[in-house]
Protein chains: 4
Amino acid sequence: MQPTEHWVEELLKLNDQEEKMTDKQMRIIQSAVEIFSEKGYAASSTSEIAQKAGVAEGTIFRHYKTKKDLLLSIVAPIMSKLIGPFIIRDFTKVIDAPYTTYEDFLRAIIRNRLDYARSNLPVLKILMQEIPFQEDLKKQFKELATKQVVSRIIKVVELYQQKGTVITVPPLSIIRFMISVIFGFVMTLLIILPEAEWDENEEIELTIQMIMHGIAHPASDPA
Amino acid sequence: MQPTEHWVEELLKLNDQEEKMTDKQMRIIQSAVEIFSEKGYAASSTSEIAQKAGVAEGTIFRHYKTKKDLLLSIVAPIMSKLIGPFIIRDFTKVIDAPYTTYEDFLRAIIRNRLDYARSNLPVLKILMQEIPFQEDLKKQFKELATKQVVSRIIKVVELYQQKGTVITVPPLSIIRFMISVIFGFVMTLLIILPEAEWDENEEIELTIQMIMHGIAHPASDPA
Amino acid sequence: MQPTEHWVEELLKLNDQEEKMTDKQMRIIQSAVEIFSEKGYAASSTSEIAQKAGVAEGTIFRHYKTKKDLLLSIVAPIMSKLIGPFIIRDFTKVIDAPYTTYEDFLRAIIRNRLDYARSNLPVLKILMQEIPFQEDLKKQFKELATKQVVSRIIKVVELYQQKGTVITVPPLSIIRFMISVIFGFVMTLLIILPEAEWDENEEIELTIQMIMHGIAHPASDPA
Amino acid sequence: MQPTEHWVEELLKLNDQEEKMTDKQMRIIQSAVEIFSEKGYAASSTSEIAQKAGVAEGTIFRHYKTKKDLLLSIVAPIMSKLIGPFIIRDFTKVIDAPYTTYEDFLRAIIRNRLDYARSNLPVLKILMQEIPFQEDLKKQFKELATKQVVSRIIKVVELYQQKGTVITVPPLSIIRFMISVIFGFVMTLLIILPEAEWDENEEIELTIQMIMHGIAHPASDPA
DNA sequence: AATGAATGAGGCTTCATTCAT
DNA sequence: AATGAATGAAGCCTCATTCAT
């Protein structure tokens, strides 16, 4: 097993407040994340997790009542971070600054999401795989996505629409468009073509440009 | 079990050329697709599939050597259609027509992909779920995606770049951008918010507009 | 394993009407009865049963969904016989005969119950052990006991009370008394002191006498 | 957990002489009795007992080497009381009194056993359940039953046979008869139909009457 | 081709018991 | 004395797969 990974710290941050995690518990979580993300939840066996963690199989069940409990304890806390208050503080500040452009806003989101995804890749893979099958996760996800993410971004979009920076089409369509592009960007960089050598910053700027101005050549664009 | 679904016909088209499918075989495939897409491949049991199909447990293994064989027989043929020569014939024609705009091209792709996805939703769900875990699928997917899709679209993009319609940035970035938006659009319509009442055509036009011109208000746009 | 036992035939009689039992299924039942009655249901393991029956453990679960199912399939059908229509036909005849004495009635019951218990000893042991813990059994038992046994005996008792043969105290108390004595008699013979050499017929007659006239010496009995 | 029950005091009486019981030990015993009697020994888990007692899992094993040890420590001491010297002292006195009738003797026994059973119901349930499966218990039980109970009652019976009060049949048969009736009486009152509203004293007198004179109507009784 | 009983490996989970603290 | 984390054997059950019919 590799040395403690970044997402382990993330999980610890979330849990430490409530209870201390023992060393073994940490190793269980770490192994579970690796194996779940590699083979999928249903195809992973608790015995394999125990073995990789170097604990007895029974030990897993002392800490997590069921295998599904183990899954949720990994995936549920990450969800709030994934979706939740992404740098809301900096975020709001940025928006309030009078000279902040919409491009800056996009740049901040993309950077933030990219860094976050990079640090939590295995857990995010698990989450994406399991959301369709775990009713609890699906529900939680939808709620967070609606109440936390969309509702907040809507305000930003509307703000810039009022400022005259953004076209006045339904904000939801704009958000769908933005999220698609950003999600596709992150996926491509980290999962689909991770081995390709991207000039990350350049791609970010290009992406921002395409979100803002599309791919039509200005000269040919009478609109 | 519902009456024969659309994707069954699709599968039949692909297989009929090689062998005739018996009635039972068809029922097996149909049940398998439904169950796999509902619970995921690993969490589905062959006995449940047999039961739903109304055949004996052993019958499945007379037609498909293993459970994985059954999966591949469902998912592999669809891949060529999914990714492959999407109406390339009509496609090329369209492009060649001198008055065809890039917007028309986008419109054709979006419509085609949306219709295709709608008709094959369960199988596509399975495919998306299993690609990360089945090495064969992943490889096949990457190859098809590169050789069939990207390489063809690149030509179109380059063509329009030469025409001066599309900005001259790396075509791959443009394609990533386009695919992200289209994929996000289809997913939203069919999976994420299927119950929402979309004005489909309007959303398509809006999407095309955003791909072409972005979301920046023209007035505010000095570039 | 011993050759097919009597209670196996009993079980078969009850089940054959519905479905044929395979050879393996019979061996499973036989082993289960032996092991359950020897160590108790909760302390018996399905693997031990499978081993004794000479089948794979999985085979048990092809025929009985759960371990408890196996228990019930053994114990539930016996209950109707145990409690149910004990030779009701002969029974009613006997009673109707004008010259039948109450002693004859007792003699018939005792003989019948003793023979029945002797033939089904292991299953009856299991039943007695599990009734307190299996809610379904307890309920079924109470219902059968009340509706089938008590209600029928009550009629007989009342008949003989009218005839002036039996004292006119609450029939329920008489029945409790009779059942206690008979149950205690059977238990002693078959379970508590099976190795003692009883002169069975003599003990039966003695028991009938005590039920009818008690243990007080007539001479000393002014009542 | 309810306040200390009667049978706890009983157990304490028996153990105090040897060692002092700590508070935790008492709570362990109390919980064990409740759980054993509710689900049966084999189906009860030490961890549940620990939890109900409010002690750590390990604590049980500090006081009782094994789970079976715990069972025996509950059930073995009760056995001497159950079976043993049931108020033998008063008992002998009673008998010796010249005017004591056999009915008084029966009345004393029934009352005593009923009260005793009522006070120790849970432990007695455990005992009855486990005697068939625990060889040590079975042996101890048989020995006590023979040496303490039967041998003593035999003397009483023989005494009254000499007095001419009791019929001269084998004392063992009389004892079996008596014990059956008394046991059945207590079981019915406390376990089989506890919710029925019995007039206890009346039932006792009726039971004594039936033991002494049976259920035959005197008039019809030429013997 | 089809069946479905049979298999046995492996899955998740429970449990009595131990031991370092 | 007490704790409770840890163990690993064992328990019940599921499942993909085989094979005689």
Side-chain angles (χ1 to χ4, degrees), chain A residues 20-25 27-28 42-51 53-70, chain B residues 22-25 28 42-51 53-71, chain C residues 20-25 27-28 42-51 53-70, chain D residues 22-25 28 42-51 53-71:
Chain A
K20 301 269 160 116
M21 255 190 179
T22 67
D23 169 58
K24 302 220 166 185
Q25 200 166 349
R27 296 216 308 276
I28 290 170
S44 305
S45 82
T46 52
S47 85
E48 192 185 352
I49 293 170
Q51 199 177 350
V55 303
E57 202 171 351
T59 306
I60 292 180
F61 292 92
R62 168 159 291 279
H63 295 290
Y64 306 93
K65 256 209 297 281
T66 64
K67 187 187 167 194
K68 191 173 173 189
D69 244 45
L70 176 56
Chain B
T22 66
D23 169 56
K24 301 218 165 185
Q25 201 166 349
I28 289 170
S44 305
S45 81
T46 51
S47 86
E48 193 185 351
I49 293 169
Q51 199 181 345
V55 304
E57 293 185 51
T59 306
I60 291 179
F61 292 91
R62 183 152 297 281
H63 294 289
Y64 307 93
K65 229 178 11 227
T66 65
K67 187 187 170 194
K68 193 172 171 189
D69 248 43
L70 176 57
L71 170 68
Chain C
K20 300 270 159 112
M21 254 191 181
T22 67
D23 168 58
K24 302 220 165 185
Q25 200 166 349
R27 295 217 309 276
I28 289 170
S44 304
S45 82
T46 52
S47 85
E48 192 185 350
I49 293 170
Q51 199 178 349
V55 303
E57 202 172 351
T59 306
I60 293 179
F61 293 94
R62 167 159 293 277
H63 294 291
Y64 306 93
K65 255 208 299 280
T66 64
K67 187 188 167 193
K68 190 171 172 189
D69 244 45
L70 176 57
Chain D
T22 67
D23 168 58
K24 300 218 166 185
Q25 201 166 349
I28 289 171
S44 304
S45 80
T46 51
S47 86
E48 193 185 351
I49 294 169
Q51 198 182 346
V55 304
E57 294 185 50
T59 306
I60 291 179
F61 292 91
R62 184 152 297 281
H63 294 289
Y64 307 94
K65 232 183 3 233
T66 66
K67 186 186 169 193
K68 193 172 172 189
D69 247 43
L70 175 57
L71 170 69

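Lettering of chains follows the sequences in order, A, B, ..., and the numbering in each one begins at 1. Because the structure is predicted, anything quoted here is derived from the model rather than measured.
Distance, D:Asp69 CG to E:dA16 P: 14 Å, rounded to whole Å. In this structure, D:Lys67 atom NZ and F:dA10 atom P are separated by 16 Å, rounded to whole Å. Spacing between atom CD1 of A:Ile60 and atom P of F:dG8 amounts to 13 Å, rounded to whole angstrom units. The interatomic distance linking B:Phe61 (CZ) with F:dC15 (P) rounds to 12 Å, in whole Å. Across the protein-nucleic acid pair, D:Tyr64 atom OH and E:dT18 atom P stand 17 Å apart, rounded to whole Å. A straight line from CD of A:Glu48 to P of E:dA9 spans 19 Å, rounded to a whole angstrom. In this structure, CG of C:Asp23 is placed 16 Å from C1' of E:dT7, rounded to the nearest angstrom.
Donor-acceptor pairing under 3.5 Å is recorded for the side chains of A:Glu57 and A:Thr46.
Residues C:Leu70 and C:Ile49 meet the side-chain proximity criterion, which asks for heavy atoms closer than 4.5 Å. Put simply, the side chain of A:Phe61 does not reach to within 4.5 Å of the side chain of A:Asp69, judged on heavy atoms.
With DNA chain F read from its 5' end, the first of the two nearest nucleotides for B:Lys65 and C:Ser44 is the one closest to C:Ser44. Map B:Lys68 and C:Ala43 each onto its nearest nucleotide of DNA chain F; the residue landing nearer the 5' end is C:Ala43.
A distance of 8.5 Å separates NZ of B:Lys24 from OG1 of B:Thr22, quoted to the nearest 0.5 Å. In this structure, A:Thr59 OG1 and A:Arg62 CZ are separated by 8.0 Å, a value rounded to the nearest 0.5 Å.
Under 4.0 angstrom from either OP1 or OP2 of E:dC15 there lies no side-chain N or O belonging to D:Thr46. D:Ser47 has no side-chain polar atom (N or O) that falls below the 4.0 Å cut-off from OP1 or OP2 of E:dC15. Side-chain N/O atoms of D:Ser45 include none lying less than 4.0 angstrom from OP1 or OP2 on E:dT14.
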* Dot-bracket pairing map - DNA chain F, Watson-Crick plus G-U, both contacts under 3.5 Å, | cross-strand -> .||||||||||||||||||||
Tabulate protein N/O versus nucleotide N/O from nucleotides 3-5 of chain E, keeping only pairs under 3.5 Å, one per line.
unit_1	atom_1	unit_2	atom_2	d
E:dT3	OP1	B:Lys24	NZ	2.6
E:dT3	OP2	B:Ala56	N	3.3
E:dT3	OP2	B:Thr59	OG1	2.5
E:dG4	N7	B:Gly58	N	3.2

* Between C:Ile60 and C:Lys67, does a side-chain contact (heavy atoms from CB on, under 4.5 Å) hold up when you go through it step by step? -> CA-CA 8 Å; C:Ile60 293 179; C:Lys67 187 188 167 193; over 6 Å; no
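Other residues, nucleotides and ligands contribute at most 12 non-hydrogen atoms within 6.0 Å of the NZ atom of A:Lys65.
The minimum heavy-atom distance between B:Ala42 and A:Ala42, with the atom names listed, is CB-CB, 3.7 Å.
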